[in-house]
Protein chains: 2
Amino acid sequence: MEEFLTLFTRTHKLLAAASDEAMGRHGVRIGQNLILEALWETDGLTPGEVAARARLPITTPTIVNTATRMEAAGLLTRRRDPNDGRLVRLYLTDRARAAQQPIQEARRRLEEHATATLTDEERDHLRTALLKVIQQLGADQAGPSGG
Amino acid sequence: MEEFLTLFTRTHKLLAAASDEAMGRHGVRIGQNLILEALWETDGLTPGEVAARARLPITTPTIVNTATRMEAAGLLTRRRDPNDGRLVRLYLTDRARAAQQPIQEARRRLEEHATATLTDEERDHLRTALLKVIQQLGADQAGPSGG
DNA sequence: AGAGAGTCATTAGCTTGCTAATGAAACCGT
DNA sequence: ACGGTTTCATTAGCAAGCTAATGACTCTCT
């Protein structure tokens, strides 16, 4: 059967493609969203801090690489921390800050559109089910042997 | 809020990681699953045919690249079609065929585990909701301007 | 039969994600 | 103050996915 694994992958693929396309209209790629969200909230974070605060688990090397592309795209600048030479701080450009509203709005609309054919009740069920799956699988990672 | 996009991504990430780990114990990576499934059912397909038959939309270049890695890993062999020199046919090795049962079983168990805390009803709801989202987003791709 | 059009697989080049290995800087204990 | 440890970012190298460009082969039409 393998219903669920396939269904999840299909859903994710469609959502990711739609999301990337929507964000692309504002000069941003999907992988940059986590960094933007973190820096919109708190500018000047380090790559490690961004990784720690992001809403999804993401590794520091991924942040670093994506930040490099964003720097090339004129979305952020790097500056060494004057008090601790190990740290690098990421600062958004005006352009990145200007994109906040449109991008967040676009993502909100995408969510609405994707779940447009669900009733409110179905939407609640879906959210609950997703949370349960996340909790179940997340528990394994945290400590498969523990309690 | 952006609840759903985040929840979907998290779920997908956890499922993909768990799946890759489960398959890894049988010498197979997650990206190879689509090709294996297609060839388990019908051996000797071409890359284009695998892409067309796979349960998820996937492009031919991805099939070709993954097939190259699988060839290196001793999971399949390439042979030019004797009747049409443009075609390349992919044939599974014994090793790949031997892995079918364990891998399918592992993926089935993973599905069960991931949805273990859901009631039967919740599972049905989840499946329904996923299908609705897929249908809604899939409709855009097919023809956004149409009906 | 030969030329042009069509159909394949492949390659090139990109993004996003990962783990492991590096290298620089700061900190801590002596 | 200095050596070892720890804490950072970065680099290296891989998998998986995509689109666009190539190149080989077949087919079709004259």
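Just the heavy atoms: all of them, side chains too, but no hydrogens, waters or symmetry mates, feed the values below. Residue numbers begin at 1 in each chain, while the letters A, B, ... track the order of the sequences.
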Within one Ile-Leu-Val-Met-Phe-Trp-Tyr cluster: A:L92 and A:I103, side-chain cutoff 4.5 Å: yes
Length of the line joining B:Q32:CD and D:dC14:P, which is rounded to integer Å: 15 Å
For atom CZ of B:R89 and atom C1' of C:dT7, their distance in whole Å: 14 Å
Distance-only side-chain donor-acceptor flag, A:T9 / A:T6, under 3.5 Å: no
Sidechain N-carboxylate O distance under 4.0 Å for B:R89, B:D43: no
Whole-Å distance separating the CG atom of B:L14 from the C1' atom of C:dC18: 14 Å
Atom-to-atom span, CG of A:D20 to P of D:dT19 - whole angstrom: 11 Å
Between C1' of D:dG17 and NZ of A:K13, the distance in whole Å: 7 Å
Any B:L34 side-chain heavy atom under 4.5 Å of B:V50 side chain: no
Polar side chain donor-acceptor pair, A:R53 to A:T42, under 3.5 angstrom: yes
Contact under 4.0 Å: A:T62 side-chain N or O vs C:dC18 OP1/OP2: yes
OP1 or OP2 of C:dC18 under 4.0 Å from side-chain N/O of A:T59: yes
Touch class at under 4.0 angstrom, heavy-atom based, for B:I63 against every strand present: nothing
Aromatic A:Y91 / basic A:R78 pairing, under 6.0 angstrom, 45° off normal: no
Between P of C:dT15 and CD1 of A:I58, the distance in whole Å: 15 Å
Of residues 92-99 of chain B, the positions that come close to DNA chain D - non-hydrogen atoms, cut-off under 4.0 Å: none
Which residues share a side-chain hydrogen bond (donor to acceptor under 3.5 Å, both in side chains) with B:H125, sequence neighbours left out: none
Nucleic acid footprint by protein, nucleotides 8-14 of chain C - heavy-atom cut-off 4.0 Å, B for base, S for sugar-phosphate alone: SSBB---
Rounded distance (Å) that lies between atom P of D:dA15 and atom CE of B:M23: 14 Å
Over-ring placement of B:R127 relative to A:F4, 6.0 Å and 45° cut-offs: yes
Side chain of A:T66 (C-beta onward), nearest among C:dC18, D:dG17, C:dT16: C:dT16
Pair A:T66-A:R29, side chain to side chain donor-acceptor pair (under 3.5 Å): steps then yes or no: CA-CA 10 Å; A:T66 304; A:R29 296 296 303 271; over 6 Å; no
Spacing between A:R79 atom CZ and D:dA9 atom P, to the nearest angstrom: 16 Å
